[in-house]
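All residue numbers in this chain count up from 1 along the given sequence.
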Amino acid sequence: PHFLVVCEDGSYPLAWTSFHLEYKQVFERQLDKTLVKLAMSQQDLVELCAWLKAENGQGWQSDDGVNAFLEAITVCDDYESFLR
């Protein structure tokens, strides 16, 4: 029912921000479980993502899913993606 609410000014109900925060927390808990299974820290993941982003376009991987991985790992932070 919360997502049926329409704001005439084009904004979104404040409750949706709370739902997005809950979604992010679920995503992050699941990510933490995966990192534990891989024996990686959050810092290891940050460094991996930074390296992938820096190396992307340098020719060796010609994207081979790198962009999809980077998008998937960061999409939970994007409120607009959550709205879709």
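For E28, the CD atom is densely surrounded, since the number of other residues' heavy atoms within 6.0 Å is greater than 12.
For F82, the ring-ring contact (aromatic ring centres under 6.0 Å, His included) test picks out H20, Y23, with sequence neighbours left out. Every residue two or more places apart in sequence or in another chain that forms a side-chain hydrogen bond (donor to acceptor under 3.5 Å, both in side chains) with E47 is listed here: Q43. With sequence neighbours excluded, no residue satisfies side-chain hydrogen bond (donor to acceptor under 3.5 Å, both in side chains) with T74. Evaluation of the side-chain contact (heavy atoms from CB on, under 4.5 Å) rule for S18 yields no partner, not counting sequence neighbours.
Residues L45 and L31 form a side-chain contact, since some pair of their non-hydrogen atoms from C-beta on lies under 4.5 Å apart.
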For this session: Report the C-alpha distance between T17 and Y79 in whole Å, list the side-chain angles of each, state the deciding distance to 0.1 Å, and finish with yes or no for side chain to side chain contact (heavy atoms under 4.5 Å, CB included).
Result: CA-CA 8 Å; T17 303; Y79 186 68; 4.1 Å; yes
For this session: Report the C-alpha separation of C49 and I73 in whole Å, then their side-chain angles, then the decisive distance to 0.1 Å, and conclude whether the side chain to side chain contact (heavy atoms under 4.5 Å, CB included) test is met.
Result: CA-CA 9 Å; C49 290; I73 205 75; 3.8 Å; yes
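For residues 29-40, the side-chain hydrogen bond (donor to acceptor under 3.5 Å, both in side chains) pairs, not counting sequence neighbours, are D32-Q42. The salt bridge (Lys or Arg N to Asp or Glu O under 4.0 Å) analysis of residues 16-25, with sequence neighbours excluded, yields the pairs K24-D77.
Residues V75 and V26 do not share a hydrophobic cluster, clusters being chains of Ile/Leu/Val/Met/Phe/Trp/Tyr side chains in contact below 4.5 Å. Hydrophobic cluster membership is shared by W51 and F69, with clusters built from Ile, Leu, Val, Met, Phe, Trp and Tyr side chains linked at under 4.5 angstrom. In the hydrophobic clustering of this structure, L48 does not group with V36; members are Ile, Leu, Val, Met, Phe, Trp, Tyr whose side-chain heavy atoms approach within less than 4.5 Å, directly or through other members.
When all heavy atoms of D44 and A39 are compared, the pair lying nearest together is OD2-O, 4.4 Å.
Annotation: the span from L83 atom CG to W16 atom CH2 amounts to 6.5 Å, rounded to 0.5 Å.
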